[in-house]
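Each remark here refers to the structure printed beneath this line.
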Amino acid sequence: MIDKKPHIKPYLYGMLAGFGAISLSIIFFFLIYRFDGFGDAISTLTGILMPFIYGAVIAYLLKPVCNTIEAFLRRFIPEKMKGLINALSVTFTILFGLLLVYALFMMIVPQLITSVTTLYYTAQRNFAKFVQWANHVEFFEQNTQIMDLLNSAYDTVSTSIDTLVKTKLLPSMQNILSGAALGVLNVVVVLKNLVIGIIVAVYMLASRKRFVQQGKMVLYSVVKPRWASLITEEVKYADRMFGGFINGKILDSAIIGLLCYIGCLIFKFPSALLVSVIIGVTNVIPFFGPFIGAIPATLLILIQNPIKALWFVLFVLVLQQLDGNIIGPKILGNTTGLSSFWVLFAILLFGGLWGFAGMIVGVPLFAVIYDVIKKLVIHGLRRNEELDMLNTYHDNFGDPEDDSPAPEAPAQTPSADKT
């Protein structure tokens, strides 16, 4: 039977697909935001699998080190002893990670404690000096209102500290001890998850190639080979995106923190190590990191030495220019391929959803989503024979390093046998 209205089918299919997508989205958000039991179940499952999450993160961060050590060992150990190569590479990788954490802990934590203690006493001493100086300035002496305000503020601060200790802190020792016990319990749980996570990371590093092959077999058994190949390529792209961006950003931030510490020592900025740790850690966050770190670091120096705080702001501006124009591009390059607008969008979106971790993983995650959507758009334009629109867009706005997509070659029919 001939369809009298064949032009209606594409619109009908489009309406059904759009209705289905909207319905699934509504159901998904309804499950998340309306069913408390569903959210509780997800939280419970996440808590149970937390050691495996820790282990996966540790294994993923140490994977490049493990691959490098394995490639080095293959030069000296025969291929037939690949079990020994794998065991040695995993062992050396875990030892490298533990020694690195131990070295950072021993170098940073004692000096951080010293910096914080010095900062407290310096701020207290400077405040007392300011009040004493104000009492001998002629302008303040003649203005009794300002003098009364300063003296009352100083007395209020001193009295408030004594009152806090005597009336609130001491009577609440039982609650503090209970909270401390709960905090100790939480620390024990975190340490337990971390220890189990390290063991999981050992297994994941040792079996990483086996897991990859198992995943490919499952994928090719579920979907058609064409779609399995596309999914495999996208997973490889996501791995390159996350691995290159996160590891590169950590290395870049470590270099910036080290340069900041050297500069603070040269220019004799106070709390050099504490300030450098803040600058290095916040530099992991793209786009906003330099500003987030510069504000508290400047305030720390401002409390101790206002003049040097101004010079520190200039020093941070020079350091960030060095990072943005030389160090960052050398290490990261154009890893994500996203414009500044989409980088800002990804940081705000995923930072609002997942906090500090979302700011870090949001950019590579959005880059993967962006790549999937781009490939779907190209596939749709090619299917609808509208590649001219894509070529026009590429000529006007595309990256010169990108290749303009070419139309697919038409399928060739088998030729007749030559006689």
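Everything quoted here is computed from the prediction, not taken from an experiment. All heavy atoms count here, side chains included; hydrogens, waters and symmetry mates do not.
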What side-chain donor-acceptor pairs closer than 3.5 Å can you find for residues 92-108, not counting sequence neighbours?
residue : atom : partner : partner atom : Å
Thr93   : OG1  : Ser89   : O            : 2.6

Steps toward side chain to side chain contact (heavy atoms under 4.5 Å, CB included) verdict (Leu194, Ile58) = CA-CA 10 Å; Leu194 188 59; Ile58 294 171; 4.2 Å; yes

[X] side chain to [Y] main-chain N or O, any donor-acceptor pair under 3.5 Å?
X      : Y      : result
Asn193 : Met50  : no
Thr282 : Pro290 : no
Asp252 : Gly248 : no
Asn325 : Gln321 : yes

Does OH belonging to Tyr220 count more than 12 external heavy atoms closer than 6.0 Å?
->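 Enclosed: over 12 neighbouring heavy atoms sit under 6.0 Å from OH of Tyr220.
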
Is it true that atom CZ of Phe211 has more than 12 heavy atoms of other residues, nucleotides or ligands lying nearer than 6.0 Å?
-> yes

What heavy-atom pair brings [X] and [Y] nearest, and what distance separates the two atoms?
X      : Y      : answer
Gly257 : Ser276 : O-CB, 3.6 Å
Ala297 : Val275 : CB-CG1, 3.8 Å
Phe242 : Val361 : CE2-O, 4.1 Å
Ile292 : Pro296 : O-CD, 2.8 Å
Val372 : Glu234 : CG2-OE2, 3.4 Å

Sorted by chain and residue number, the salt bridge (Lys or Arg N to Asp or Glu O under 4.0 Å) partners of Lys82 (sequence neighbours excluded) come out as none

Filter on salt bridge (Lys or Arg N to Asp or Glu O under 4.0 Å), then keep only pairs touching [range], sequence neighbours left out; what's left?
range            : value
residues 203-216 : Glu70-Arg208, Glu70-Lys209
residues 309-326 : none
residues 49-68   : Lys63-Asp239

Distance check, rounded to the nearest 0.5 Å: [X] atom [atom1] versus [Y] atom [atom2]?
X      : Y      : atom1 : atom2 : value
Leu84  : Ile77  : CG    : CD1   : 5.0 Å
Leu45  : Leu49  : CG    : CG    : 4.5 Å
Ser207 : Gln214 : OG    : CD    : 8.0 Å
Phe315 : Ile279 : CZ    : CD1   : 9.0 Å
Ile250 : Ile246 : CD1   : CD1   : 7.0 Å

Ring pair (Phe, Tyr, Trp, His ring centres under 6.0 Å) pairs, two or more places apart, involving residues 57-86 = Phe72-Phe76

Output, in order, the C-alpha distance, side-chain angles, deciding distance and verdict of side chain to side chain contact (heavy atoms under 4.5 Å, CB included) for Phe350 and Leu365.
-> CA-CA 9 Å; Phe350 293 102; Leu365 178 59; 3.4 Å; yes

Over 60° means perpendicular and under 30° means parallel, so classify the ring planes of Phe312 and Phe269, tilted if in between.
-> perpendicular

Establish, yes or no, whether the cationic atom of Lys375 lies under 6.0 Å from the six-membered ring centre of Tyr370 and within 45° of the ring axis.
-> no

So do [Y] and [X] actually touch side chain to side chain, heavy atoms under 4.5 Å?
X      : Y      : answer
Leu302 : Pro306 : yes
Leu314 : Val318 : no
Leu376 : His379 : no
Tyr237 : Asp371 : yes
Met359 : Leu348 : no
Cys260 : Leu319 : yes
Tyr54  : Val200 : no
Met217 : Val222 : no

Audit row: Phe366, Trp342, ring pair (Phe, Tyr, Trp, His ring centres under 6.0 Å) steps and yes/no = CA-CA 8 Å; Phe366 188 82; Trp342 291 119; 5.4 Å; yes

Test side chain to side chain contact (heavy atoms under 4.5 Å, CB included) on Val281 and Ser253 and set out the steps.
-> CA-CA 7 Å; Val281 171; Ser253 300; over 6 Å; no

